[in-house]
Amino acid sequence: MDFDVVLRNVRLADSGPDQPTTDVGVKDGRIAAIASGLGGNAREEVKGGGRLVCSGFVDTHIHLDKSCILERCECTTTRNPHRAMERVSAVKPTFTVEDVIERASGTIEKCIGHGTTRMRTHAEVDPKVGLRGFEGAKALIEKYRWAIDLEICVMPQEGLTNNPGTDELMVAALKNGATVVGAAPNYDSDRAAQIHRIFEMAREFNVDIDMHLDSGASAEELDTLLVCDLTEKYKWGGRVAVGHVGKLSTMPQKDLDKVAKRMADAGVAATVLTATDLYLGGRHTDHNVPRNVVDLNRLTELGVTCSVGSNNILNPFTPFGDGQLLRQINMQAIVTARGNDDEVKALWDMTTSAAARLMRQDDYGIAVGNPADLVMLDASDAVTALRTVAPVLAAFKRGRRTVTREPVRLHRP
């Protein structure tokens with residue numbers, strides 16, 4: 001067989017550094033063959049040299065619409081409260097569709113450069129910003145289809161039941177390209193009413209749900225349990241995710257295990273936004289500061305589908321970031337003290353296979369017939385790649401090269 005691309009002498013994510021290498025052949029945008037010593041001609045050959053090749057990273061939770069606005073926002077003079085939502089809210093009226101496209105393009109290109117090939121971006125709507133953030137994000141779907149598959153989750157960041165006009169904007173976005181519906185009940189005067197309304201929208205438009213939920217310094221008033229109840233009531237299992245859930249990190253393990261079992265049984269997934277949760281959490285105390293980051297390994301062990309996402313980049317919610325998911329998952333491992341090989345591999349899955357499962361991407365993975373969304377990293381295996389935050393050397397979307405990065409060369413005397 002002749003191929004469009006062959007990646008030679010590479011190792012797959014489930015292979016160890018001591019196992020034989022293989023070749024991956026690509027034709028017509030799909031993986032056509034996986035075997036050692038593939039014959040035939042190829043328009044492009046990539047010499048792997050024993051490096052890791054995996055399916056592209058999956059970012060389940062990012063905010064492209066409000067990335068890179070840090071210099072516009074008021075500086076805070078207090079550590080607590082952080083006032084991130086208020087500081088962003090003050091500048092949202094200045095957003096234009098063109099402005100969102102420009103800022104978000106810079107962010108998504110960084111993500112592409114770090115190997116992300118699938119993404120769910122959250123876009124907020126309310127009377128202050130209208131549909132401009134959503135429309136800016138929507139424009140990126142076609143603009144970057146050559147490198148990344150992008151879907152939009154529309155959400156009410158500043159409240160829904162207490163913010164007249166927001167409900168109508170949510171519905172308008174769902175009628176015009178949003179394929180997931182989100183929530184942020186922490187900022188609503190009636191948290192339960194917002195959650196119920198989001199499930200109504202999901203059922204009306206037959207879309208998945210992805211909520212910002214249960215950020216806080218104690219496990220009181222856990223909205224995740226209501227989400228589990230409604231997920232079961234409406235048979236939406238496997239189609240619901242909750243993000244942040246920092247309250248779970250404050251619970252004794254026996255109590256956490258009960259909630260995790262409830263989530264697993266209901267089919268509710270969890271996403272941790274490690275950089276944001278660390279940055280915003282623990283501000284209620286000036287000593288013995290809690291990490292505010294949920295131990296996703298424990299949730300995974302109990303059957304919950306888990307992912308780690310970028311969330312905010314260069315804005316008051318997270319004034320850091322470069323779109324490198326591998327850095328986020330490395331941070332998650334360090335913060336939750338998960339360092340054994342099996343634990344690290346489970347975390348790796350949270351930006352690859354488990355993240356794809358959360359987004360119901362059934363065609364994900366290195367298998368014959370799947371889209372050739374491939375990333376080569378400067379490491380021999382997945383565990384080493386995560387431990388060292390290995391750089392992406394090449395990326396392909398549907399078999400077309402999208403990223404090239406040269407390995408570091410030392411110029412010795």
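The closest side-chain donor-acceptor pair between Gln332 and Thr274 falls under 3.5 angstrom. No side-chain N or O of His284 forms a donor-acceptor pair with one of Asn80 less than 3.5 Å apart. With no hydrogens or angles considered, a side-chain donor-acceptor pair links Lys128 and Ser89 at under 3.5 Å. Checking Thr250 against Ser218 by side-chain atom types alone, no donor-acceptor pair falls below 3.5 Å. Side-chain contact check for Lys66 and Gln157: at least one donor-acceptor pair (N or O, by modelled atom type) lies under 3.5 Å.
Atom OG in Ser215 sits 7.0 Å away from atom CG in Asn292 (nearest 0.5 Å). Going from atom OG of Ser36 over to atom CZ of Arg8 covers 10.5 Å, rounded to the nearest 0.5 Å. Considering CG of Leu273 and CG of Asn312, their distance stands at 8.0 Å, rounded to 0.5 Å. The OG1 atom of Thr76 lies 5.0 Å from the CZ atom of Arg87; values are rounded to the nearest 0.5 Å. How far CD of Gln361 is from OG of Ser353: 12.5 Å, rounded to the nearest 0.5 Å. Going from atom OG1 of Thr384 over to atom CG of Leu52 covers 9.0 Å, rounded to the nearest 0.5 Å.
Between the side chain of Arg387 and the backbone N or O of Gly339 there is at least one donor-acceptor pair closer than 3.5 Å. Put simply, the side chain of Asp99 never gets that close to the backbone of Phe95: no donor and acceptor are under 3.5 Å apart. Arg30 places a side-chain N or O within donor-acceptor distance of the main-chain N or O of Gly369, the cut-off being under 3.5 Å. Remark: the backbone N or O of Val207 is paired with a side-chain donor or acceptor of Trp236 at under 3.5 angstrom. Between the side chain of Lys47 and the backbone N or O of Asn9 there is no donor-acceptor pair closer than 3.5 Å. At least one donor-acceptor pair closer than 3.5 Å links the side chain of Asn370 to the backbone N or O of Gly365. Remark: the backbone N or O of Ala395 is paired with a side-chain donor or acceptor of Thr402 at under 3.5 angstrom.
No salt bridge links Arg400 with Asp373; every basic N to acidic carboxylate O contact stays at or beyond 4.0 Å. Comment: Arg83 does not engage Glu86 in a salt bridge, judged by the lack of any side-chain N to carboxylate O separation of less than 4.0 angstrom. Between Arg239 and Asp210 no salt bridge is recorded (no basic side-chain N to carboxylate O distance below 4.0 Å). Under a 4.0 Å N-O distance rule, the pair Arg103/Asp65 does not qualify as a salt bridge. The pair Asp349-Arg357 does not count as a salt bridge, with every side-chain nitrogen at least 4.0 angstrom from each carboxylate oxygen. Classification of Arg298 and Asp257 as a salt-bridged pair holds, one side-chain N sitting under 4.0 Å from a carboxylate O. Residues Asp341 and Lys345 are not paired through a salt bridge, judged by the lack of any N-O separation under 4.0 Å between the basic side chain and the carboxylate. Remark: Asp229 does not engage Lys233 in a salt bridge, criterion side-chain N to carboxylate O under 4.0 Å. Salt bridge status for Asp208 with Arg360: present, with a side-chain N to carboxylate O gap under 4.0 Å. The pair Glu151-Lys138 fails the salt-bridge criterion, with no side-chain N (NZ, NE, NH1 or NH2) lying under 4.0 Å from an Asp/Glu carboxylate O. Taking the charged nitrogens against the carboxylate oxygens, Arg11 and Asp381 have no contact shorter than 4.0 Å, which rules out a salt bridge. Under the 4.0 Å criterion applied to side-chain N and carboxylate O atoms, Arg401 and Asp4 are not assigned as salt-bridge partners.
Side-chain contact between Phe199 and Val227 is present, with at least one heavy-atom pair separated by less than 4.5 Å. Side-chain contact check for Leu302 versus Lys261: every heavy-atom pair is 4.5 Å or farther apart. No side-chain heavy atom of Met376 sits under 4.5 Å from any side-chain heavy atom of Val392. Two residues are said to be in side-chain contact when any heavy atoms from C-beta on lie closer than 4.5 Å; Val88 and Phe317 meet this criterion. A 4.5 Å side-chain heavy-atom check between Pro156 and Glu124 finds every atom pair outside the cut-off. You'll find the side chain of Arg197 reaches within 4.5 Å of the side chain of Asp167, heavy atoms only. Side-chain contact between Lys143 and Ser105 is present, with at least one heavy-atom pair separated by less than 4.5 Å. The shortest side-chain heavy-atom distance between His244 and Asp277 falls under the 4.5 Å cut-off.
Geometrically, Arg118 does not engage Phe57 in a cation-pi contact defined by less than 6.0 Å to the ring centre and at most 45° from the axis.
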query: Run the side chain to side chain contact (heavy atoms under 4.5 Å, CB included) check on Leu174 and Val181 step by step: do they pass?
result: CA-CA 8 Å; Leu174 286 165; Val181 64; 4.2 Å; yes
- prompt: Does the side-chain hydrogen bond (donor to acceptor under 3.5 Å, both in side chains) test come out yes or no for Asp214 and Thr224, once each step is laid out?
  reply: CA-CA 7 Å; Asp214 283 335; Thr224 298; 2.6 Å; yes
- prompt: Could you walk me through whether Ser310 and Gln328 pass the side-chain hydrogen bond (donor to acceptor under 3.5 Å, both in side chains) check?
  reply: CA-CA 7 Å; Ser310 297; Gln328 295 290 335; 5.4 Å; no
message: Please evaluate residues Phe134 and Val100 with respect to the criterion side chain to side chain contact (heavy atoms under 4.5 Å, CB included), reporting the C-alpha separation (whole Å), side-chain torsions for both, the decisive distance (0.1 Å), and the verdict.
response: CA-CA 9 Å; Phe134 164 73; Val100 174; over 6 Å; no
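Partner of Val10 under the side-chain contact (heavy atoms from CB on, under 4.5 Å) criterion, out of Thr22, Ile366, Thr21: Thr22 alone.
Here salt bridge (charged side-chain N to carboxylate O under 4.0 Å, His left out) pairs that include residues 170-192, with residues two or more places apart or in two chains, are Arg191-Glu221, Arg191-Asp223.
With sequence neighbours left out, His122 forms a ring pair (Phe, Tyr, Trp, His ring centres under 6.0 Å) with His61, His63, His212.
Ring geometry for Phe320 versus Tyr279: interplanar angle over 60°, hence perpendicular rather than tilted (30 to 60°).
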